[in-house]
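Single-structure report; data block below.
Residue numbering restarts at 1 for every chain, and letters A, B, ... go by the order of the sequence lines. Bear in mind that the values here come from a model prediction, so they are computed numbers and not experimental data.
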Amino acid sequence: MSHYDPLKIEAKWQERWEKEQPFVAKENNGQPKMFIAEMFPYPSGAGLHVGHVRNFSIVDCLARFYAQNGLNVLRPFGYDTFGLPAENYAIKTGTAPQEVTKANIANFRKQAKRLGYAIDWSREINTSDPEYYKWTQWCFLQLFKKGLAYQAENYQWWCPVDKTVLANEQVENGCCWRCGHEVEKKKMKQWFFKITAYADELLDEIDSLDWPDKIKTMQKNWIGRSEGAEIDFAIAKHPKEQLTVFTTRPDTIFGATFLVLAPEHEIISRIVSDDARDAVAAYCKAAIKKSEIERQENKEKTGVFTGAYAINPANGEPIPIWVADYVLSGYGTGAIMAVPAHDERDHEFAEQFDLPIIKVIEKPENSIDDSGCYHDEGVMVNSDRFNGQDSADVREAIVAWLEERGLGRKKVTYRMRDWLISRQRYWGCPIPIAYDKNGVAHAIPEDQLPVVLPKVTDYRPDESGRSALAKSDEFKTVIIDGEEMTRETDTLDGYACSSWYLWRYTDPRNQNAAWGKDKVNYWAPTDIYCGGDHAVAHLLYVRFWCKFFADEGYLDFREPVKRLLYNGYINAPDGKKMSKSKGNVIDPLDVIDQGYGADTLRTYELFIGPYNLDAAWSTEAIGGVYRFLNRCWTLCFDKARNSKDENTTIRHRTIKKVTEDTKRADFNTAVAAMMEYVNALYKTGAHEEDLITLAKLLKPYAPHLACEMLESLESDDVWPVYDTTKLKADTVELVVQVNGKLRSRIQLPVEEANDTTRLEQLAKSDPKVQNYIGDKEIVKTIVIAQNHLVNIVVK
RNA sequence: GGGCGAGUGGCGGAAUUGGUAUACGCGGCAGACUUAAAAUCUGCUUCCUUUACCGGAUUAUGGGUUCGAGUCCCAUCUCGCCCACCA
């Protein structure tokens, strides 16, 4: 007598899959395709985490399920390898990131294979491989050619002692994390992708996506479209200057009693009065130095008067111009018209500095708003010719009135900014740009790609705040069209590398193009994409690039991901995040090797709870899944079989449940249904047909065991189909309620279940029910044949 | 502060269109097998009352709609996530 030995079975099948490569995908126009992928991992030195296992197992379950259902499945795998951890490790130890990455990938690959995933390993990709990033650079150049990759000045943290740019998290209490010196903000030239050019389409198409609402909402908030107007203000004593503000409430313009500029606003130095100049300069300097976090922490309004006045274009009144850090330089025009009667922030500011407050909207009598600054719609007052009208109706009329005089126009503004992609780092994809003697940026010709990341020994940024690449003269100097130029030494944000990899999967070894059109349009868009991170950034960037490359004719679709599954985290048994420092990490390979095997681990992680919620690991509960698989094995290999097939009802019900649940990604209830089925088979005994069905249903969850069973049963793995006529048992249970309370259950033959008069008669003649009715008058009787339920209502 | 979501046994969770609440698993209890333990198998396990039957209560709290509410509506409380001076 043998026993369930997962490690032995798994080694056998993994070896076979390695040899036979059954998961290699080929285009096939005779079958519908299914392109399914997880968000590719960053291969850390720590190896696979139970979180990876959950993510990959969801994808694998669906990939195998659809393959068994006859779809042509593409289930690729790759590595997102550029990034800070490898670079920091290099700075610390001197080991080249290329070497570390190679070792980490080898480890990840080995571990993924121990989990038995149905991956097409011939398509494996790695973003730091020059064969791959050659095409990341090509993508950059397409955006550059169309003006969607551009340079602009931008404030960055700068340490004047270390002479280096610092990331936000490298600034501690306004000081450099290394030397402790006060940091300042310095304007530096940076590269951007013009994602805002697609803001409207990115927003409008969100609703059509089969994505979780949570993520759709987050993307909408991130894009943050708001409709309003730009209004121009003339400036007293400065006839050549003018200030433009953005507002969503042009209807309140008669209530604009002052203007406020962001401290970064460039007009300040030109309009400030002599007696205010010193105070304004000091305020601006201090405000600009503050980090975003510090600005938000202290919400008490601060500000300073510039001594200058603007003219309100609605009524010609002069109004003072102030500077305050509650106005953000990066949004709208960096200047606002303040309407203290109807905006809370402006109201607070006006109270603080004793500025005039003029009400222009009468709050309706039934309004419960008593904040002293009513910000909803109402009837216009103090607004000259617009008095008496409704504020909502006046909005457009006022813009039109301003527009006639050239003082304003409709305007749509977005919270989303353009995507800053320059990184002063070594371990990233080099930006394929060189500068001529005049500092003009030129594209590196496509036949000179890839711009290969040179091997260096010192990975730290140099004194000018540029990446380590700036130290390599050999790298920096390049000849383009006979002219000597200097290469860009910044590298690309890692998100650029992951913005197109889904398409590379469809044609990963193409030497002549990022992807072949036929292949990409056969496989993509990705049918199912699964991840547990990057709700906004990555998922918005992929959508952006998809629209751009569709416009350029390289793709025939405008949305990259049809269905998105967003899985939750796996936490430690104590409910906290797993982390090395807390010592509560569960290593998936340990779980396998201690005897549970990969099938138990995979099935457990799918059974642990709804896939989209966080779950806490339970060292006890995984044993229950092992027992379940053990019982599957015992039924198949160690128990006598029934010669008579007597489980058709539960078998067909199980097929239905597992099929529908797996499609819906309700993996936990699918596993529960298989458990119920196995429990039933333990009682009745299993016919061969039961075992074949069980093995087929089990295959997406526990593929090694299922293959072992199918081999012994000499069966294919074609997904079973349920027969609707076999879902009903011979008898049904009639539920009888009196006044909505359950009072009796009556067994009856299934043939009678649809006969409503029979059901009513059965219910009323039941002695238990009669007890509850007694002499009381029956008001009405509700019979729901579909649910075999009768409710008798008595007085 | 704003937006969204969620509150079900000792625990993770199920209930798919308003129709039998607590599936499945863990844990616990009892029994079988065993010299014994583990493993395995069988049964019980929401709470209260009861030896048991019977009965009653129960899906955060309070109200409402309905023959019937975990599910729909209103209010309150708690937790989670996202955004956060975006004019």
Whichever of A/Thr247 and A/Thr217 has its nearest RNA chain B nucleotide further upstream toward 5'
A/Thr217

Between B/rU71 and B/rG19, how far apart are the P atoms? Round to whole Å, please.
11 Å

Pick the closest RNA chain B nucleotide for A/Val625 and for A/Val793 by heavy atoms, then say which residue is nearer the 5' end.
A/Val625

By salt bridge (Lys or Arg N to Asp or Glu O under 4.0 Å), which residues pair with A/Glu752, not counting sequence neighbours?
A/Arg758

A/Lys214 NZ to B/rG3 C1': how many Å, rounded?
14 Å

Quick note, A/Tyr326 side chain, CB onward, closest among B/rC24, B/rG13, B/rC85 is B/rC85

Classify every nucleotide of nucleotides 41-50 of chain B by which part a protein heavy atom approaches to under 4.0 Å, writing B for the base, S for the sugar-phosphate alone and - for neither, in 5'-to-3' order.
SSS-------

Ring centroid separation for A/Tyr495 and A/His534, is it under 6.0 angstrom?
yes

Under the ring pair (Phe, Tyr, Trp, His ring centres under 6.0 Å) rule, collect the residues that match up with A/Tyr283, sequence neighbours excluded.
none

Are A/Lys220 and A/Asp207 ion-paired here, with the side-chain N under 4.0 Å from a carboxylate O?
yes

A/Ala621 near the nucleic acid: base, sugar-phosphate alone, or nothing, with a heavy-atom cut-off under 4.0 Å?
sugar-phosphate

Rounded to the nearest Å, what distance is computed from the NZ atom of residue A/Lys220 to the C1' atom of nucleotide B/rC81?
17 Å

Salt bridge (Lys or Arg N to Asp or Glu O under 4.0 Å) against A/Lys194, all qualifying residues, sequence neighbours excluded
none

Would you mind telling me which of B/rA23, B/rU40, B/rG68 lies closest to the side-chain atoms of A/Glu676?
B/rA23

Is there a side-chain contact between A/Lys741 and the phosphate of B/rA57, meaning an N or O under 4.0 Å from OP1 or OP2?
yes

Its contact letters, B for base, S for sugar-phosphate only and - for none at protein heavy atoms under 4.0 Å, make nucleotides 7-12 of chain B read -----S

Quick test of your reading: applying salt bridge (charged side-chain N to carboxylate O under 4.0 Å, His left out), list the pairs with at least one residue in residues 663-681 of chain A, sequence neighbours left out, ordered by first then second residue.
A/Asp661-A/Arg664, A/Arg664-A/Asp666

Syn or anti conformation of B/rG13, syn meaning chi within 90° of 0
anti

d(NE2, A/His347; C1', B/rC85) in whole Å
15 Å

Could you give all pairs that pass the salt bridge (charged side-chain N to carboxylate O under 4.0 Å, His left out) test and reach residues 243-262 of chain A, with sequence neighbours left out?
A/Arg249-A/Asp251, A/Arg249-A/Glu377, A/Asp251-A/Arg395

Is the NZ or CZ atom of A/Arg631 positioned over A/Tyr682's six-membered ring, under 6.0 angstrom from the centre and within 45° of the axis?
yes

From CD of A/Glu660 across to P of B/rA14 the rounded distance in Å is 17 Å

Using a strict cut-off of less than 4.0 Å between a Lys/Arg side-chain nitrogen and an Asp/Glu carboxylate oxygen, indicate whether A/Lys363 and A/Asp376 qualify as a salt bridge.
no

Please list, chain by chain and in numerical order, all residues satisfying salt bridge (Lys or Arg N to Asp or Glu O under 4.0 Å) with A/Lys639, sequence neighbours excluded.
none

Is there a side-chain contact between A/Arg743 and the phosphate of B/rG56, meaning an N or O under 4.0 Å from OP1 or OP2?
yes

Between B/rA84 atom C1' and A/Met218 atom CE, what is the distance in whole Å?
14 Å

Tell me the interatomic distance from A/Glu230, atom CD, to B/rA87, atom P, rounded to whole angstroms.
14 Å

Taking CG from A/Asn791 and C1' from B/rA69, how many angstroms apart are they, rounded to a whole number?
13 Å

Using a heavy-atom cut-off of under 4.0 Å over every strand shown, decide if A/Phe258 touches base, sugar-phosphate, or nothing.
nothing

Taking the side chain from A/Arg417 and the backbone from A/Arg415, do they hold a donor-acceptor pair closer than 3.5 Å?
yes

Taking only the C1' atom of each, what is the distance from B/rU45 to B/rC26 in whole angstrom?
13 Å

Work out how far the C1' atom of B/rC44 is from that of B/rA52, and round it to whole angstrom.
15 Å

Indicate whether OP1 or OP2 belonging to B/rA87 is found under 4.0 Å from a side-chain N or O atom of A/Ser226.
yes

As a test of understanding, state which of A/Tyr4, A/Phe607, A/Trp633 forms a ring-ring contact (aromatic ring centres under 6.0 Å, His included) with A/Tyr626.
A/Tyr4

Close side-chain approach of A/Ile778 to A/Ile773, heavy-atom, < 4.5 Å
yes

Between B/rC54 and B/rA38, how many Å separate the two C1' atoms, rounded to a whole number?
42 Å

Using nucleotides 20-22 of chain B, report all nitrogen or oxygen pairs with the protein that are shorter than 3.5 Å.
residue, atom, partner, partner atom, Å
B/rU20, O2, A/Arg745, NH1, 2.3
B/rU20, N3, A/Glu733, OE1, 3.4

To the nearest 0.5 Å, atom CE of A/Met337 lies from atom OG1 of A/Thr247 at 4.0 Å

Protein-nucleotide distance (A/Tyr701, atom OH; B/rG25, atom P), rounded to Å:
16 Å

Note on RNA chain B: ranges paired as stems (three or more Watson-Crick/G-U pairs in a row, both atom distances under 3.5 Å) are B:1-7 with B:77-83, B:10-12 with B:24-26, B:27-32 with B:40-45, B:46-48 with B:55-57, B:60-64 with B:72-76

Please give me every residue in residues 408-419 of chain A whose heavy atoms get under 4.0 Å of an atom in RNA chain B, ordered by residue number.
A/Arg415, A/Arg417

How far, in whole Å, is B/rA14 from B/rG25 if one measures between their P atoms?
15 Å

Please work out whether the ring planes of A/Phe349 and A/Phe353 are parallel, tilted or perpendicular, with thresholds of 30° and 60°.
tilted

Can you tell me if the side-chain N/O atoms of A/Asn668 get under 4.0 Å from OP1 or OP2 in B/rA14?
yes

Rounded to the nearest 0.5 Å, the CG atom of A/Leu259 sits from the CG atom of A/Leu243 at a distance of 6.0 Å

Would you please name every residue forming a salt bridge (Lys or Arg N to Asp or Glu O under 4.0 Å) with A/Glu760, sequence neighbours left out?
A/Lys764

Are A/Glu605 and A/Ile570 close enough that some pair of their side-chain heavy atoms sits under 4.5 Å apart?
yes

Please measure how far the C1' atom in B/rA32 lies from the corresponding atom in B/rA37, and state the result in whole Å.
15 Å

Taking B/rA23, B/rG25, B/rA87 as options, the one with an atom nearest any side-chain atom of A/Met675 is B/rG25

Check whether any side-chain N or O of A/Lys780 sits under 4.0 Å from OP1 or OP2 of B/rC67, and answer yes or no.
yes

Indicate whether OP1 or OP2 belonging to B/rU40 is found under 4.0 Å from a side-chain N or O atom of A/Tyr626.
no

Any ion pair linking A/Lys301 and A/Glu348 (charged N to carboxylate O, less than 4.0 Å)?
yes

Using atom C1' of each nucleotide, how far apart are B/rA21 and B/rU8 to the nearest Å?
8 Å

If I pick the P atom on B/rC24 and the same atom on B/rG43, what distance separates them, to the nearest angstrom?
11 Å

